[in-house]
Amino acid sequence: MAKVYNFSAGPAVLPHEVLAEAQSELLDWHGSGMSVMEMSHRGKEFMEIIHDAEHDLRSLMQIPDNYKVLFLQGGASQQFSMVPLNLAPEGSSVDIVNTGHWSRLAIKETRHYARVNVVASSEDTGFDRVPDQSGWKRDPGAAYLHYTSNETIGGLQFPWVPDSEVPLVCDMSSDFLSKEVDVSRFGLIYAGAQKNIGPSGLVVVIVREDLLGRAQASTPTMLDYQIHADADSMYNTPSTWPIYISGLVFKWIASHGGVKGIAARNTEKAGLLYHAIDSSEGFYTTHIQSPFRSSMNAVFRLGNEALEETFLREAARNGLVQLKGHRSVGGIRASIYNAMPIEGVKSLVSFMQDFARQNG
Ligand SMILES: *Cc1c(COP(=O)(O)O)cnc(C)c1O
């Protein structure tokens, strides 16, 4: 087993079994005599790998047949421009919910291609909540509504899927496959791989077919979903290694009770961690209101920065690593994605209790 528990926000921990399997077939994939990294992306071996990955993802999420699954590059950030270029006709307007860092970047990039209507924002309360839907100022003529289901840096998560009359678009990068979602409610879902799926260099896009084929005229070929959909993600060389590892992760999820089983474990993990914060008598604090606390990234603070530095140092000495909060918010961030075993969370909680006792 790994010597440490890795709480990185991304690139993040991968299932130990998946890494071990990849290691065992690193030099010779299934008797092909080749490593996956060396294979032609159009050869029968890799075609089998990408086909299985798509098939397994479709069955995990019960993706309806009228949705395409695309394996693209450029990370989730590329989607900030790709989505409006493809889904917002010239001169149209787009609705976006502002819940923090990643939605702000989506808003900034979308403004290059469309008018942006920020339907709601919790910025004035420090992004401590998801604004209540009843107060959203929607544009009924919007090309789509975009939201970020989990703000990886702020530690803020939507506990529900917004209602929408217009196509719903979601940046699901950091809570993809962490709980069950009804794909049919969405026009498009995208997720960078390095949080909850696999290695960086891959972004998964799930898009309803009727939204394809309306890209703005100036859209570069490589940013046109239709091009990638028509070529089954093989218009150019896809990121073969990340697709292979992601495929192994999909099988790993399936063998752990599917998304439902994983979600139950995630709820238990997050429950343990937030209980440790809430029962610390103010030693650890989080400003996120409880219904919106992220089950993937728990962001919290200690009394002062010097104490946080000591916490991080001693945690690392105890094999609990990459717990530093994002530089824009400071503090501590424990990312507990699907692949973080419950033993890792228990180990962190027990360290937190000891540390509070010694420094309280
Ligand atoms: C990490 C992240 C991104 C950016 O991902 P890249 O792959 O680095 O472009 C976007 N949105 C969310 C919610 C993220 O967590």
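This chain uses plain numbering: 1 for the first residue, then up along the sequence. Whatever order the structure lists them in is the order used to number ligands and atoms, beginning at 1.
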Peer 1: What are the polar N/O contacts of ligand 1 with the protein below 3.5 Å, with distances?
Peer 2:
{"from": "ligand 1", "atom 1": "7 (O)", "to": "A76", "atom 2": "N", "distance (Å)": "3.2"}
{"from": "ligand 1", "atom 1": "7 (O)", "to": "Q194", "atom 2": "NE2", "distance (Å)": "2.9"}
{"from": "ligand 1", "atom 1": "8 (O)", "to": "Q194", "atom 2": "NE2", "distance (Å)": "3.4"}
{"from": "ligand 1", "atom 1": "9 (O)", "to": "A76", "atom 2": "N", "distance (Å)": "3.3"}
{"from": "ligand 1", "atom 1": "9 (O)", "to": "S77", "atom 2": "N", "distance (Å)": "2.9"}
{"from": "ligand 1", "atom 1": "9 (O)", "to": "S77", "atom 2": "OG", "distance (Å)": "2.6"}
{"from": "ligand 1", "atom 1": "11 (N)", "to": "D171", "atom 2": "OD2", "distance (Å)": "2.6"}
{"from": "ligand 1", "atom 1": "15 (O)", "to": "T152", "atom 2": "OG1", "distance (Å)": "2.4"}
{"from": "ligand 1", "atom 1": "15 (O)", "to": "K195", "atom 2": "NZ", "distance (Å)": "2.6"}

Peer 1: Decide whether Y337 and N266 meet the rule of one side-chain donor and one side-chain acceptor closer than 3.5 Å.
Peer 2: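 N266 and Y337 do not have a side-chain donor-acceptor pair below 3.5 Å.
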Peer 1: Holding to side chain to side chain contact (heavy atoms under 4.5 Å, CB included), I want the full list of residues that pass it with T221, two or more places apart in sequence or in another chain.
Peer 2: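 Scan of T221 (side chain to side chain contact (heavy atoms under 4.5 Å, CB included), adjacent residues dropped) gives I227, Y235.
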Peer 1: Measure the shortest side-chain to side-chain distance between I206 and L188 over non-hydrogen atoms and say whether it is less than 4.5 angstrom.
Peer 2: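 The answer is no; the side chains never approach within 4.5 Å.
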Peer 1: So for atom CG, which belongs to D182, do other residues, nucleotides or ligands contribute more than 12 heavy atoms lying within a distance under 6.0 Å?
Peer 2: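 Atom CG in D182 is packed in, count exceeds 12.
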Peer 1: Any salt bridge (charged side-chain N to carboxylate O under 4.0 Å, His left out) involving residues 312-322? Give me the pairs, sequence neighbours left out, ordered by first then second residue.
Peer 2: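 Not a single pair qualifies under salt bridge (charged side-chain N to carboxylate O under 4.0 Å, His left out).
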Peer 1: Considering only residues two or more places apart or on different chains, which pairs with a residue in residues 244-254 satisfy salt bridge (charged side-chain N to carboxylate O under 4.0 Å, His left out)?
Peer 2: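 The answer is D56-K251.
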